[in-house]
Amino acid sequence: MKKLISVLLLLCFFAALPVCAQGEAIQVGALTGPTAMGMVRLLEDGKGTYEPTILGAADELVPLILQGEIDIASVPANLAATLYNKTQGGITVLAVNVLGVLYIGEYNTENLQSLADLKGQTIYATGKGSTPEYFLRYVLSQNGIDPDKDVTVEWKSEPSEVVALLNAEQKGIAMLPQPYVTAAAAQLGEGFRVALSLSDEWAALDNGTLCTTAVVMARKEFAEQNPEAVEQFLTELEASVAWVNENVEDAAQLCGDYGIIKAPVAQKAIPQCNLVCITGADMQQSLSGCLNVIFEENPKAVGGALPESDFYYGGE
């Protein structure tokens with residue numbers, strides 16, 4: 001009888017898990033930094049159900065998605081649109097999971113009180129040809145600042161280069177994403193302060209969209225074949241994001257354990273990373289408006305065309 005009860009309990013346990021094709025674990029991909037931070041509780045509680053792949057660069061993750069080795073992934077918003085176009089509609093977005101993470105900081109200057117104070121200034125930044133550049137250009141131009149004439153942006157390949165420049169010159173202005181802003185503050189000390197948030201500046205425009213950095217997407221084939229698993233994933237993602245935002249210290253430790261970002265940096269950065277879980281119609285409204293902004297700056301940045309409605313999970 002005891003053996004029978006044990007078997008029944010095991011059957012109940014496995015029945016509660018998401019069903020994946022061939023009964024295999026769901027392959028979940030993300031990048032180091034904010035794209036993966038909100039998932040850590042889900043990954044920790046879902047060991048055996050979710051198999052994570054955390055990589056340092058998008059160009060490492062993309063081939064795995066295209067080859068069908070990743071089922072669900074958190075990627076930059078414009079990359080999801082690009083993959084949708086590249087796969088002729090083979091990608092669907094499940095949720096927006098990271099809003100704006102770009103901040104403008106100054107080191108030993110104390111001059112920045114508003115965007116207008118950027119006129120005539122040099123800004124060190126990373127992300128040329130991707131969302132940081134397009135978001136910056138959009139916010140500046142919407143505030144009457146010509147991004148090509150009124151400011152000088154010196155683009156660097158890595159955030160560490162930007163911090164090194166500030167350190168060498170002992171002053172300057174920089175645009176950096178979280179968690180690198182937090183890392184810069186720790187390295188540079190009291191002379192560095194966050195002066196402006198691009199998310200706040202975007203929100204002040206009241207354009208009906210949210211400054212959207214990253215989304216959680218799935219291969220459409222996987223989503224269509226495993227609708228119950230996708231729905232359960234979304235439920236668990238929402239709970240995971242809420243837990244991370246409410247339990248920063250413990251979440252930071254998990255971020256360190258999974259190689260997402262070092263725990264001390266994560267603990268300070270999480271409150272500024274705008275981790276969310278926005279789904280359904282709200283997700284579509286937010287993301288479509290943001291992609292339109294990027295498209296108007298550079299159509300190639302979203303794969304040459306704005307995605308159709310089936311890009312959004314549940315859309316037709």
Side-chain angles (χ1 to χ4, degrees), residues 13-14 16-18 20 25-57 61 70-76 94-103 105 159-160 176-189 192 194 197 199-200 210-218 229-279 283:
F13 172 77
F14 285 114
L17 295 175
C20 184
I26 297 173
Q27 301 298 314
V28 178
L31 302 173
T32 54
T35 66
M37 285 180 171
M39 289 184 176
V40 288
R41 185 78 260 173
L42 175 151
L43 296 176
E44 182 70 8
D45 291 344
K47 288 180 178 178
T49 301
Y50 303 116
E51 184 68 33
T53 298
I54 312 295
L55 298 171
L61 189 60
I70 295 291
D71 302 312
I72 295 174
S74 178
V75 299
L94 307 179
V96 167
N97 65 322
V98 186
L99 296 179
V101 294
L102 290 169
Y103 295 84
S160 58
L176 291 167
Q178 284 289 6
Y180 301 106
V181 177
T182 296
Q187 185 173 339
L188 296 172
F192 181 86
V194 173
S197 162
S199 295
D200 291 345
L210 297 174
C211 184
T212 303
T213 295
V215 300
V216 176
M217 45 135 285
V230 170
E231 290 297 333
Q232 185 164 335
F233 174 88
L234 286 174
T235 298
E236 293 172 0
L237 176 64
E238 183 177 18
S240 182
V241 170
W243 181 87
V244 169
N245 286 328
E246 293 168 5
N247 299 272
V248 174
E249 185 175 354
D250 291 338
Q253 186 59 55
L254 284 179
C255 286
D257 293 344
Y258 279 90
I260 295 168
I261 194 73
K262 291 181 178 179
V265 176
Q267 186 168 341
K268 293 181 179 179
I270 286 172
Q272 282 77 48
C273 282
N274 284 320
L275 304 177
V276 296
C277 183
I278 303 173
T279 59
M283 175 263 290

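Just the heavy atoms: all of them, side chains too, but no hydrogens, waters or symmetry mates, feed the values below.
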Worksheet item: Are the side chains of Met39 and Tyr258 in touch, meaning some heavy atoms are under 4.5 Å apart?
Response: no
Practice prompt. Measure the shortest side-chain to side-chain distance between Val96 and Leu210 over non-hydrogen atoms and say whether it is less than 4.5 angstrom.
Written response: no
Worksheet item: Looking at side-chain heavy atoms only, is the closest gap between Pro76 and Leu31 below 4.5 Å?
Response: yes
Fill in: Residue pair Val98 / Pro34: nearest heavy atoms and the distance that separates them
CG2-O, 3.6 Å
Item to complete: Apply salt bridge (Lys or Arg N to Asp or Glu O under 4.0 Å) to Asp45 and list each qualifying residue two or more places apart in sequence or on a separate chain.
Response: Arg41
Worksheet item: Strictly by modelled atom types, are Gln178 and Thr182 linked by a side-chain donor-acceptor pair under 3.5 Å?
Response: yes
Fill in: Where Ala95 and Thr279 come nearest, the two heavy atoms and their spacing
CB-CG2, 3.7 Å
Worksheet item: Which value, rounded to the nearest 0.5 Å, describes the distance between Glu51 atom CD and Ile26 atom CD1?
Response: 11.5 Å
Discussion item. Applying side chain to side chain contact (heavy atoms under 4.5 Å, CB included) to Tyr50 and Leu42, what does each step give before you reach the verdict?
Written reply: CA-CA 8 Å; Tyr50 303 116; Leu42 175 151; 3.5 Å; yes
Practice prompt. Report the distance from atom OG of Ser74 to atom CE of Met217, rounding to the nearest 0.5 Å.
Written response: 9.5 Å
Worksheet item: Closest approach of Thr212 and Val215, non-hydrogen atoms and distance?
Response: CG2-CG1, 4.3 Å
Worksheet entry | By side-chain contact (heavy atoms from CB on, under 4.5 Å) - contacts of Ala36 (at least two apart) | Ala30, Ile54, Ile260
Item to complete: Kindly give the heavy-atom pair with the smallest separation between Ile278 and Met283, and that separation in Å.
Response: O-CB, 3.2 Å
Worksheet entry | CG-CG distance between Leu102 and Asp200, expressed to the nearest 0.5 angstrom | 12.0 Å
Discussion item. If you compare all heavy atoms of Gly56 against all heavy atoms of Thr32, which two are closest, and at what distance to 0.1 Å?
Written reply: CA-OG1, 3.7 Å
Practice prompt. With rounding to the nearest 0.5 Å, note down the distance linking OG in Ser199 to CD in Gln272.
Written response: 11.0 Å
Worksheet item: Does some side-chain heavy atom of Leu254 sit less than 4.5 Å from a side-chain heavy atom of Trp243?
Response: yes
Discussion item. Can you tell me how far apart CZ (Phe233) and CG (Leu94) are? Round to the nearest 0.5 Å.
Written reply: 7.0 Å
Worksheet item: Is any side-chain heavy atom of Cys211 closer than 4.5 Å to a side-chain heavy atom of Leu99?
Response: no
Worksheet item: Is the side chain of Asn97 donor-acceptor paired with the backbone N or O of Thr35 at a distance under 3.5 Å, no angle test?
Response: yes
Discussion item. Let me confirm one number: the CD-CD1 distance from Gln267 to Ile261, rounded to the nearest 0.5 Å.
Written reply: 13.5 Å
Worksheet, complete the sentence: Nearest heavy-atom contact between Leu275 and Gly38 is CD1-N, 4.0 Å
Discussion item. I'd like to check the salt bridge (Lys or Arg N to Asp or Glu O under 4.0 Å) partners of Glu238; sequence neighbours left out, ordered by chain and number.
Written reply: none
Worksheet item: Within the side chain of Asn274, is there an N or O that forms a donor-acceptor pair under 3.5 Å with the backbone of Val101?
Response: no
